[in-house]
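Note that ligands are numbered from 1 as they come in the structure, with each ligand's atoms numbered from 1 the same way.
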Amino acid sequence: MRVLRIIKERFAQEKPLQGLRMAACLHVTSETANLAITLKEGGADVVLCASNPLSTQDDVAAALVGEYGIPTFSIKGEDNNTYYQHLSAVLDHRPQYTMDDGADLVSMLHRDRSDLLSNVVGGTEETTTGVIRLNAMAADNALKYPIIAVNEAETKHFFDNRYGTGQSTLDGITRATNILWAGRRVVVGGYGWCGRGVASRARGMGAHVIVTEVNAVRALEAVMDGFTVMTGLEAAKVGEVFITVTGGLHTISGDHMAVMSDGAIIANSGHFNVEIDIPALEAMAVSHREVKPYVEEYTTTDGRRLYLLGEGRLINLAAAEGHPSAVMDMSFANQALSVEYLVKNHGNMDPGVYVVPVDTDQEVGRLKLASMGIAIDSLTANQQRYQESWEEGT
Ligand code: SAH
């Protein structure tokens with residue numbers, strides 16, 4: 001994570017976060033550890049909890065506590081109660097800044113711990129669904145402090161959501177099942193940044209990819225990118241592997257599962273465990289067993305076996321290691337620089353959802369290219385003038 005390392009070295013010198021109490025709710029992975037260490041080097045007093053019950057790397061959590069002195073509240077496979085207790089524990093730290101992935105921490109803070117809100121001056125949000133929730137809070141005038149939507153940086157979603165999710169989702173499904181992708185009919189629910197990545201990587205492995213969408217323009221884009229597009233119900237009849245990445249509720253419903261073939265594999269790489277209607281699956285099953293870690297077999301009344309992966313939670317983080325560090329480097333560089341920006345500017349920012357400053361985005365892109373040893377051109381003064389002029393057409 002070379003970009004983050006450059007930021008860490010500067011933070012260690014300049015201490016821009018000196019003395020700030022921060023609560024971070026992220027997937028507790030080695031990439032997140034690098035971010036937490038960077039914040040600490042910058043002078044912050046950071047505590048960390050997991051943003052998903054299945055995504056913690058326990059050895060990383062232990063090392064953060066034992067070797068780096070960063071209190072970390074997370075255990076891989078924690079139950080729902082423990083998950084929320086851990087969120088509550090980081091709020092007990094009385095944070096001035098929050099760093100969230102999915103907006104669970106911000107939601108708990110506003111709903112159950114609003115007495116702590118007066119301490120909080122700013123926050124950041126990592127992911128698409130978190131940003132959607134925050135926008136809903138802002139529209140209701142419920143959001144009480146400024147939050148920078150790191151996900152909206154181009155150096156975040158162009159790469160993390162697309163190439164990160166694309167690769168790590170296939171990795172998670174492969175590790176859990178060891179299926180052969182070549183020749184398989186793979187249905188990708190949703191053609192946002194994550195869906196585009198999953199669809200293109202599945203195609204790269206030789207799968208026949210079918211995309212389902214509710215947005216006409218995105219559906220059209222999928223068609224012109226060369227994928228087959230059909231309704232969810234039609235896709236359910238022909239698909240063999242189903243991957244949801246919509247960020248929405250019940251992308252795969254009981255109606256879909258009722259017509260899937262024997263042996264269908266169902267996984268989610270989108271938002272929480274609600275994209276698949278798991279209660280509907282349980283209701284139609286006569287028996288249920290764990291075949292191996294992250295693979296549960298449900299046998300239906302008509303004798304079909306459907307395989308649910310990773311309890312319907314993010315398969316890329318549950319059964320694999322999440323996105324590779326090369327892509328998290330840019331996401332977390334945006335996180336670190338956004339916190340620094342908030343420290344300097346929060347006094348002029350009203351409660352609301354903010355985009356990452358364009359300069360920060362460009363800077364992350366420049367540093368990433370430099371770290372890859374790639375040089376690019378810049379416009380000459382003449383070219384610059386031409387671009388800014390509206391008079392010259394030829
Ligand atoms: N909290 C929700 C929201 C989806 S998480 C949930 O758990 O279901 C999606 C986010 O995970 C992405 O924005 C991505 O930046 C992050 N992520 C992916 N791989 C990661 C890794 N290796 N370490 C830390 N975060 C990662």
TODO: Mark the output for S51 as yes if a heavy-atom distance to ligand 1 is under 4.0 Å, and as no if none is.
DONE: yes

Open item on the list: Just to check, does R313 reach to within less than 4.0 Å of ligand 1 when the distance is taken from its heavy atoms?
Closed with: no

Distance to 0.1 Å, residue and atom name: give those for the protein heavy atom nearest to [atom].
| atom | result |
| --- | --- |
| atom 21 (C) of ligand 1 | T29 OG1, 3.6 Å |
| atom 22 (N) of ligand 1 | E31 OE1, 2.9 Å |
| atom 9 (C) of ligand 1 | T127 OG1, 3.3 Å |
| atom 8 (O) of ligand 1 | F272 N, 3.0 Å |
| atom 5 (S) of ligand 1 | H27 NE2, 3.0 Å |

Task: Of all pairs that satisfy ring pair (Phe, Tyr, Trp, His ring centres under 6.0 Å), the ones with a partner from residues 98-138, not counting sequence neighbours - done: H110-Y145

- [ ] Between E126, M328, R133, H323, flag the one that comes closest to atom 26 (C) of ligand 1 by a heavy atom.
- [x] M328

- [ ] Using heavy-atom distances, let me know which of D101, D100, T165, D104 sits nearest atom 3 (C) of ligand 1.
- [x] D101

What atoms of ligand 1 come within less than 4.0 Å of a heavy atom belonging to [X]?
| X | result |
| --- | --- |
| K156 | 12 (C), 13 (O), 15 (O) |
| G322 | 19 (N), 22 (N) |
| L314 | 4 (C), 5 (S), 6 (C), 7 (O), 8 (O) |
| T32 | 23 (N), 24 (C) |
| E321 | 22 (N) |
| N52 | 6 (C), 7 (O), 8 (O) |

Open item on the list: Please work out, at 4.0 Å between heavy atoms, whether the side chain, the backbone, both, or neither of F332 comes within that distance of ligand 1.
Closed with: side chain

Hey, are [Y] and [X] close enough side-chain-wise for a donor-acceptor pair under 3.5 Å?
| X | Y | value |
| --- | --- | --- |
| T32 | H27 | no |
| N52 | D101 | no |
| N316 | T165 | no |
| T169 | S269 | yes |
| T174 | W181 | yes |

Open item on the list: Does this structure show an ion pair linking D262 with R305, if we count only N-O contacts that are shorter than 4.0 Å?
Closed with: yes

Task: Contact list for residues 358-370, test salt bridge (Lys or Arg N to Asp or Glu O under 4.0 Å), sequence neighbours left out - done: D329-K368, E363-R366

Task: Partner of Y354 by side chain to side chain contact (heavy atoms under 4.5 Å, CB included), out of L342, T124, I147, I148 - done: I148

TODO: Give a yes or no on this: more than 12 heavy atoms of other residues, nucleotides or ligands lie within 6.0 Å of atom CD of E388.
DONE: yes

- [ ] Compare all side-chain heavy atoms of R201 with those of Y163 and state whether any distance is below 4.5 angstrom.
- [x] yes

Open item on the list: Are any of the N/O atoms on G102, whether in the backbone or the side chain, positioned under 3.5 angstrom from an N/O atom of ligand 1?
Closed with: no

